[in-house]
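Working notes, structure below.
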There are 2 protein chains.
Amino acid sequence: MVDLALRAIAEPRRREILRLIWDAELTSGAIASHFEVTRPAISQHLRVLADAGLVSVRRQGTRRLYRARPEGLAELREFLEGFWEGRLWLLKQAAEAEERRASQGGTERT
Amino acid sequence: MVDLALRAIAEPRRREILRLIWDAELTSGAIASHFEVTRPAISQHLRVLADAGLVSVRRQGTRRLYRARPEGLAELREFLEGFWEGRLWLLKQAAEAEERRASQGGTERT
DNA sequence: GGCTTACGAAAGTGTCAACTTACAGTCTTT
DNA sequence: AAAGACTGTAAGTTGACACTTTCGTAAGCC
């Protein structure tokens with residue numbers, strides 16, 4: 001899921017969308033009117049964001065109100081903070097690498 | 001540049017590479033030996049990381065030693081922290097959106 | 001000089017993703 | 001029930017990208 005979220009925010013357009021609905025609820029039409037692409041394109045972006053858990057939808061009549069999902073954002077943020085910290089992961093990585101190398105035979109010099 | 005960095009770490013393989021050279025200098029061959037893809041593939045990943053300012057290279061004889069670049073990582077990190085914070089950007093975004101809407105005529109309801 | 005090592009660059013391939021146009025669904029209104 | 005408004009979905013196109021194999025190049029060694 002974090003992977004999806006990272007890929008989602010790697011797209012500039014989606015970051016802009018996120019900012020628009022950061023603390024306000026907007027319909028997809030209202031969101032689309034802020035950009036120069038067609039509405040379906042925005043719909044697809046919203047789907048990607050929703051699949052990544054970064055936005056929530058609320059249906060109200062024929063409209064759908066989108067809003068940033070704090071939990072998803074927090075999860076991504078925590079992952080990244082763990083990434084900057086790093087050290088713990090290094091051990092896990094090293095173990096996996098050792099495994100791979102053993103079954104492959106790489107040219108390595110210490 | 002931050003955009004490049006974000007796209008760079010959106011790729012899982014590149015995140016793994018980054019972790020490997022987080023605090024250690026490794027040759028591209030050594031890095032490649034940790035994965036199951038070919039060496040040129042890793043070379044290309046390293047190039048992407050270098051272009052994004054996330055990695056530095058040091059040539060020593062025939063080898064090239066790669067290492068994570070703290071400044072680049074810090075820059076990306078600060079951008080993201082500003083992103084979580086958000087509010088400042090919202091104003092800028094609103095202004096640009098206003099501009100776009102004026103020259104386009106969107107259906108918008110207050 | 002000739003050979004090997006370590007690496008990037010070039011060219012080609014398959015896949016994914018961002019976009020478009022066209023269509024279908026759902027809710028409100030009359 | 002029919003019409004209109006607000007949407008998501010389907011299908012197709014184009015460009016990017018992660019990868020492969022092949023080749024070129026710079027440094028060390030006999």
Side-chain angles (χ1 to χ4, degrees), chain A residues 3-18 20-21 24-52 54-67 100-101 104-110, chain B residues 3-18 20-21 24-52 54-67 100-101 104-110:
Chain A
D3 206 279
L4 288 176
L6 250 175
R7 280 216 308 265
I9 68 161
E11 174 68 40
R13 192 96 62 187
R14 283 195 282 264
R15 286 199 300 270
E16 292 191 58
I17 292 178
L18 262 186
L20 283 175
I21 56 178
E25 254 183 346
L26 289 180
T27 66
S28 74
I31 295 169
S33 72
H34 287 80
F35 300 98
E36 283 165 348
V37 295
T38 59
R39 260 188 305 260
I42 299 300
S43 252
Q44 286 160 13
H45 279 309
L46 287 169
R47 189 168 191 350
V48 171
L49 287 168
D51 286 349
L54 295 178
V55 297
S56 62
V57 204
R58 183 168 70 93
R59 304 188 51 162
Q60 185 186 31
T62 154
R63 353 195 138 177
R64 295 192 188 168
L65 296 161
Y66 287 88
R67 188 166 51 88
R100 266 192 290 262
R101 219 188 42 199
Q104 204 194 179
T107 316
E108 198 164 11
R109 189 92 67 84
T110 316
Chain B
D3 206 279
L4 288 176
L6 249 175
R7 280 217 308 265
I9 67 160
E11 174 68 39
R13 191 96 62 185
R14 283 195 282 264
R15 285 199 301 270
E16 291 190 60
I17 292 178
L18 261 186
L20 282 176
I21 55 178
E25 254 184 345
L26 289 181
T27 66
S28 74
I31 296 169
S33 73
H34 287 79
F35 301 98
E36 283 165 349
V37 294
T38 59
R39 249 171 296 136
I42 299 299
S43 253
Q44 288 162 10
H45 279 310
L46 287 169
R47 188 167 192 348
V48 172
L49 287 167
D51 285 350
L54 296 178
V55 184
S56 64
V57 204
R58 184 169 69 93
R59 303 190 51 161
Q60 185 186 29
T62 152
R63 352 196 140 176
R64 296 190 188 170
L65 295 162
Y66 287 88
R67 188 166 50 88
R100 265 192 290 262
R101 220 188 41 197
Q104 205 193 179
T107 315
E108 200 163 10
R109 189 89 70 81
T110 321

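Every chain is numbered from 1 and lettered A, B, ... according to where its sequence line falls, protein lines coming before strand lines.
Nearest nucleotide to the side chain of Thr62(A), out of dT20(D), dA10(D), dC6(D): dC6(D). Proximity note for Gln44(B) (side chain, C-beta onward) versus dC19(D), dC7(C), dT20(C): the nearest is dC19(D).
Ile42(B) has its CD1 atom 13 Å from the C1' atom of dT20(D), to the nearest Å. The distance between atom CZ of Arg39(B) and atom C1' of dA9(C), rounded to the nearest whole Å, is 15 Å. In this structure, CZ of Arg47(B) is placed 17 Å from C1' of dC19(D), rounded to the nearest angstrom. One interatomic measurement links the two molecules: CG of Leu46(A) to P of dA18(C), which rounds to 13 Å at whole-angstrom precision. As rounded to whole Å, 11 Å separates atom P of dC17(D) from atom CG of Asp3(B). Between Arg58(B) atom CZ and dA26(D) atom P there is a gap of 21 Å when expressed in whole angstrom units. In this structure, the CD atom of Glu36(B) is 18 Å from the P atom of dA18(D), given to the nearest Å. For the pair Arg7(A) CZ and dT15(C) C1', the interatomic distance rounds to 13 Å; values are reported in whole Å.
For dA6(C), neither phosphate oxygen OP1 nor OP2 lies less than 4.0 angstrom from any side-chain nitrogen or oxygen of Ser28(B). For the OP1/OP2 pair of dA26(D) and a distance below 4.0 Å, the side-chain nitrogens and oxygens of Arg59(B) include no atom meeting the criterion. A sub-4.0 Å separation between OP1 or OP2 of dA18(C) and a side-chain N or O of Arg14(A) is present. For the OP1/OP2 pair of dT7(D) and a distance below 4.0 Å, the side-chain nitrogens and oxygens of Thr27(A) include at least one atom meeting the criterion. Residue Thr38(B) places at least one side-chain N or O closer than 4.0 Å to OP1 or OP2 of dT20(D). For dG8(D), the OP1/OP2 oxygens have a side-chain nitrogen or oxygen of Tyr66(A) closer than 4.0 Å. One finds a side-chain N or O of His45(B) lying less than 4.0 angstrom from the OP1 or OP2 phosphate oxygen of dC19(D). At the phosphate of dC19(C), OP1 or OP2 sits under 4.0 Å from a side-chain N or O atom of Arg13(A). Taking side-chain N and O atoms only, Arg64(A) has no distance below 4.0 Å to OP1 or OP2 of dC27(C).
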Assess the residue pair Leu65(A) and Val57(A) against the criterion (side chain to side chain contact (heavy atoms under 4.5 Å, CB included)); give the C-alpha distance rounded to whole Å, side-chain angles, the decisive distance to 0.1 Å, and a yes or no. CA-CA 6 Å; Leu65(A) 296 161; Val57(A) 204; over 6 Å; no

Stepwise salt bridge (charged side-chain N to carboxylate O under 4.0 Å, His left out) test for Asp51(A) and Arg7(A): CA-CA 11 Å; Asp51(A) 286 349; Arg7(A) 280 216 308 265; over 6 Å; no

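Counting only heavy atoms from C-beta outward, the side chains of Ile17(B) and Phe35(B) approach each other to under 4.5 Å. You'll find the side chain of Arg15(A) reaches within 4.5 Å of the side chain of Asp3(B), heavy atoms only. Looking at heavy atoms from C-beta onward, Val37(B) lies in side-chain contact with Arg13(B) at the 4.5 angstrom threshold.
Residue contacts for Glu11(A): at a heavy-atom cut-off of 4.0 Å it reaches the sugar-phosphate backbone alone, with no base atom in range.
Between Pro40(A) and Gln60(A), it is Pro40(A) whose nearest contact on DNA chain C lies nearer the 5' terminus.
Closest non-hydrogen pair, Leu6(A) versus Ala10(B), comes out as O-CB, 4.2 Å.
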